[in-house]
There are 2 protein chains.
Amino acid sequence: MRELVYGVLDKNRKALSLYEIEQQFDNVDRSTIFRTLKTFQDNLLIHSVDDGSGAVKYALCDDDCTCSLDDLHYHFLCTKCGQTHCLKNIPIPAVDLPEGFNFENANFVIKGTCPNCQG
Amino acid sequence: MRELVYGVLDKNRKALSLYEIEQQFDNVDRSTIFRTLKTFQDNLLIHSVDDGSGAVKYALCDDDCTCSLDDLHYHFLCTKCGQTHCLKNIPIPAVDLPEGFNFENANFVIKGTCPNCQG
DNA sequence: AATTACGTGCAACAGTATTGCAAAGTTATC
DNA sequence: GATAACTTTGCAATACTGTTGCACGTAATT
């Protein structure tokens with residue numbers, strides 16, 4: 001199962017929701033996939049994004065990804081097709097937080113239309 | 001009711017979830033507050049943030065806020081106390097999107113510890 | 001007074017996430 | 001090879017947030 005789920009994420013190259021992953025199988029229970037994804041996350045194979053679409057999405061980490069530390073990148077949610085892309089090539093600028101605030105992690109989601117949905 | 005809900009948001013000066021607002025009243029229904037917040041949002045009095053905590057939070061807009069247009073700002077979610085602060089003084093840098101991607105909106109949430117939770 | 005519009009509470013429902021439990025499968029151990 | 005120990009899976013149930021339908025009550029309007 002883990003290999004199959006990994007395969008789906010690898011094939012799609014974008015962030016998928018639990019439901020979307022479930023759709024790609026015929027007879028696999030949500031909970032199984034859910035737990036598989038959780039395992040992946042615990043082992044830093046994938047990262048999750050809450051893009052505001054209502055469902056958390058999951059995407060593969062890069063080989064050298066250390067997720068919570070420095071794999072920060074923008075995510076792009078297309079408001080037309082609903083797909084979420086990882087914009088790994090765009091660096092996230094350092095944020096100058098006010099005194100007393102301590103940076104741990106960040107979630108930067110940009111919304112708009114993706115190349116497939118221009119018209 | 002609208003005055004009361006507005007008062008709560010004004011007093012707290014941070015983003016509150018529907019549930020948190022509900023807690024500040026004794027006998028007011030979720031749906032009433034929900035609809036009140038929706039009304040506020042339709043009239044651009046408040047903006048909503050999905051900080052990834054599972055619940056959407058709501059905060060007052062500034063007087064000159066035009067929300068969906070240029071009131072973009074960072075939000076800070078404290079991983080200890082769960083409070084969400086608006087970091088209105090920090091400008092959001094322009095993001096250089098790849099060809100074909102069209103910017104409409106953004107949601108930038110930073111996680112960490114807030115001044116109240118340092119130790 | 002009759003009509004209309006609006007606000008509220010209750011209850012129900014939707015969608016996603018999550019967990020308990022038992023069955024099925026797998027691996028280790030003797 | 002049999003048994004025990006552990007893992008994985010499916011089903012069902014539950015939690016939580018958000019959302020809507022409906023009925024009732026109140027206030028404004030004619």
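By convention in this document, chain letters (A, B, ...) are assigned in the order of the sequence lines, proteins followed by strands, and residues within each chain are numbered from 1.
- Without hydrogens or angle criteria, B/Ser48 side chain to B/Lys57 main chain gives no donor-acceptor distance under 3.5 Å.
- The CG-P distance, from B/Asp42 to C/dG7, rounds to 12 Å in whole Å.
- Aromatic ring orientation, A/His85 versus A/Phe76: tilted (interplanar angle from 30° to 60°).
- With A/Glu22 contributing its side chain and A/Ile33 its backbone, the two residues share no donor-acceptor pair below 3.5 Å.
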Along nucleotides 13-27 of chain D, 5' to 3', which nucleotides get a B, which get an S, and which get a -, given that the test is a protein heavy-atom distance under 4.0 Å? ----SSSBB------
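- We find that CG of A/Leu37 is positioned 11 Å from P of C/dT18, with the value rounded to whole Å.
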One character per nucleotide, please: for nucleotides 22-27 of chain C, 5' to 3', B when the base has a protein heavy atom closer than 4.0 Å, S when only the sugar-phosphate does, - otherwise. ------
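- Panel note: side chain B/Asn102, backbone A/Gln118; no donor-acceptor pair is recorded below 3.5 Å.
- Partners of A/Asp29 under the side-chain hydrogen bond (donor to acceptor under 3.5 Å, both in side chains) rule, at least two apart in sequence or in another chain, are A/Ser31.
- Aromatic ring pairs are classed by plane angle as parallel below 30°, tilted from 30° to 60° and perpendicular above 60°; the pair B/Tyr74 and A/Phe108 is tilted.
- Taking atom CD of residue A/Glu22 and atom P of nucleotide C/dT18, one finds them 15 Å apart after rounding to whole Å.
- Atom P of nucleotide D/dG10 and atom CG of A/Asp26 are separated by 12 Å, given to the nearest angstrom.
- Under the 4.5 Å side-chain heavy-atom criterion for grouping Ile, Leu, Val, Met, Phe, Trp and Tyr, B/Ile110 is connected to A/Ile90 within one hydrophobic cluster.
- In this structure, B/Asn43 contributes its side chain and B/Thr39 its backbone to a donor-acceptor pair below 3.5 Å.
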